[in-house]
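One structure is given below, encoded as structure tokens.
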Amino acid sequence: MTALDGLPPLREVIATHDLKAKKSLGQNFLLDLNLTAKIARKAGDLSACDVLEVGPGPGGLTRGLLAEGARKVLAVEKDARAMGALAEISAHYPGRLEVVNADALEIDPLVHLTPPIRIVANLPYNVGTELLTRWLTPKVWPPAWESLTLMFQREVANRIVAKPGSKTYGRLAILSQWRTDAEIVMELPPEAFTPPPKVHSAVVHLTALPEPRYPADAGVLSRVTAMAFQQRRKMLRASLKGLGGDVEGLLEEAGIKPTARAEEIGLEHFCALARLVAAR
Ligand code: SAM
């Protein structure tokens with residue numbers, strides 16, 4: 001039997017190539033090609049884009065990306081066992097799929113791609129958060145990529161898009177929303193995966209802004225928000241004592257009440273504070 005794209009169904013691919021999911025690699029596979037095509041569509045029109053896919057595994061999402069018309073896909077997979085299955089997809093889409101057997105945390109494949117570049121991944125959650133942080137903190141902005149479409153544990157997705165005043169609002173929200181438009185575009189129950197994980201998942205789409213939403217030095221903003229959120233329930237005049245000098249005066253100058261707590265403060269005010277700290 002063949003699937004819509006003319007390749008064998010993913011269950012068969014997994015059996016043929018003996019790709020039993022490994023917990024150590026965070027392997028929870030998507031086997032429904034309608035679903036993977038839907039995720040690929042959330043990344044936008046890919047026909048003029050090079051796509052970096054991290055963690056293709058047996059290739060469900062890879063096939064979705066190619067079927068949806070991606071100009072080229074560069075797939076980086078740590079598990080050598082998946083190479084045979086991915087080679088079959090590559091042969092089916094001549095010249096459009098390049099596969100690299102490597103740890104995505106160890107290499108920077110973006111340098112091999114031609115802009116415009118989009119990044120799409122269904123990754124183990126710890127690797128996903130680490131890569132997201134790296135992609136959001138390149139040396140120069142705008143970054144090499146136009147957008148990121150990434151699967152996360154739903155709780156992490158909520159932290160990325162959280163607004164001030166919510167329990168999940170913190171450093172990840174500030175880092176993400178400072179330089180991108182971020183939104184949750186799909187939610188998936190555990191049963192969507194094989195084997196099913198313990199938690200719900202969500203796809204977040206982040207579009208790079210041409211420049212940060214408000215001016216600030218990335219390093220100073222990171223330092224100030226780290227300090228502010230380390231004790232998120234404390235008043236800022238106390239949690240930011242480590243900045244030294246007249247912290248209350250600094251907060252007031254930034255338009256922030258010294259008695260406010262980090263979780264109440266929006267991005268604009270954190271950036272104002274970071275600019276004042278940098279200027280001191
Ligand atoms: N994309 C496939 C899908 O949707 O069915 C697989 C998703 S599975 C959640 C995560 C994949 O990432 C696995 O294939 C795993 O081997 C791979 N992976 C885990 N850590 C990785 C790393 N550091 N670099 C590259 N791939 C990694």
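The structure displayed is predicted, hence computed values, not measured ones. As the structure lists them, so they are numbered: ligands from 1, and atoms in each ligand from 1.
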**Asked** Under 4.0 angstrom from ligand 1, any heavy atom of Ala21?
**Response** no

Side chain to side chain, Val54 and Leu131, heavy atoms closer than 4.5 Å: yes

Atom 12 (O) of ligand 1 has as its nearest protein heavy atom Gly55 CA, 3.3 Å

Do Gln231 and Ser239 meet the criterion of a side-chain donor-acceptor pair at a distance under 3.5 Å?
no

| query | Going by distance alone, is a donor N or O of one side chain under 3.5 Å from an acceptor N or O of the other, for His17 and Glu88? | reply | yes

Considering distance alone, does some N or O of Gly60 sit under 3.5 Å from an N or O of ligand 1?
no

Ligand 1 to Ala104, heavy atom cutoff 4.0 Å, flagged ligand atoms 22 (C), 23 (N), 24 (N), 25 (C)

In ligand 1, the atoms that come under 4.0 Å of a heavy atom of Gly57 are 14 (O)

Ranked by distance from atom 5 (O) of ligand 1, the top protein heavy atom is Leu30 N, 2.8 Å

- So do Asn122 and Ile39 actually touch side chain to side chain, heavy atoms under 4.5 Å? no

Contact region, Ala121 to ligand 1, non-hydrogen atoms below 4.0 Å, reads neither

Per-atom filter on ligand 1: closer than 4.0 angstrom to a heavy atom of Ala102 are 24 (N), 25 (C)

The answer for which part of Glu53 has a heavy atom under 4.0 Å from ligand 1 is side chain

Pro56 heavy atoms within 4.0 Å reach ligand 1 at atoms 1 (N), 2 (C), 6 (C)

>> When you compare the side chain of Arg159 with that of Val156, does any pair of heavy atoms fall below 4.5 Å?
In response: yes

the protein heavy atom lying closest to atom 14 (O) of ligand 1 turns out to be Glu77 OE1, 2.8 Å

Of all protein heavy atoms, the one nearest atom 7 (C) of ligand 1 is Asn122 O, 3.1 Å

Looking only at protein heavy atoms, what sits closest to atom 25 (C) of ligand 1 is Lys78 N, 3.5 Å

In ligand 1, the atoms that come under 4.0 Å of a heavy atom of Leu25 are 15 (C), 16 (O), 19 (C)

Checking heavy atoms under 4.0 Å, the part of Thr62 that sits near ligand 1 is neither

With heavy atoms and a 4.0 Å threshold, my read on which part of Ala82 contacts ligand 1 is neither

Ligand 1 to Gly26, heavy atom cutoff 4.0 Å, flagged ligand atoms 8 (S), 9 (C), 10 (C)

A student checking ligand 1 against Val76 at a 4.0 Å heavy-atom cut-off should list atoms 25 (C), 26 (N)

**Prompt:** Would you call Glu252 and Lys257 a salt bridge, using N to O less than 4.0 angstrom?
**Reply:** no

So Lys78 and Leu105, do their side chains get closer than 4.5 Å, heavy atoms only?
no

_Basic-acidic side-chain contact under 4.0 Å: Asp181, Arg213_ = yes

Point to revise | Asp79, any N or O under 3.5 Å of ligand 1 N or O | key: no

Among non-hydrogen protein atoms, atom 23 (N) of ligand 1 lies closest to Asp103 OD1, 2.8 Å

Would you call the rings of Phe229 and Tyr169 parallel, tilted or perpendicular, taking 30° and 60° as the class edges? perpendicular

(Q) If we count only N and O atoms by modelled type, under 3.5 Å, do the side chains of Arg81 and Gln27 hold a donor and an acceptor together? (A) yes

Would you say Pro124 contacts ligand 1, with heavy atoms under 4.0 Å as the rule?
-> yes

Asn34 and Leu4: CA distance, side-chain angles, deciding distance, side chain to side chain contact (heavy atoms under 4.5 Å, CB included) verdict: CA-CA 9 Å; Asn34 289 316; Leu4 275 177; 4.3 Å; yes

Check your understanding: Is there side-chain contact between Glu155 and Val199, with heavy atoms separated by less than 4.5 Å?
Key -> no

Atoms of ligand 1 under 4.0 Å from any heavy atom of Asn28, numbered from 1 in the order shown, are 7 (C), 8 (S), 9 (C)

* Are Ile119 and Glu146 close enough that some pair of their side-chain heavy atoms sits under 4.5 Å apart? -> no

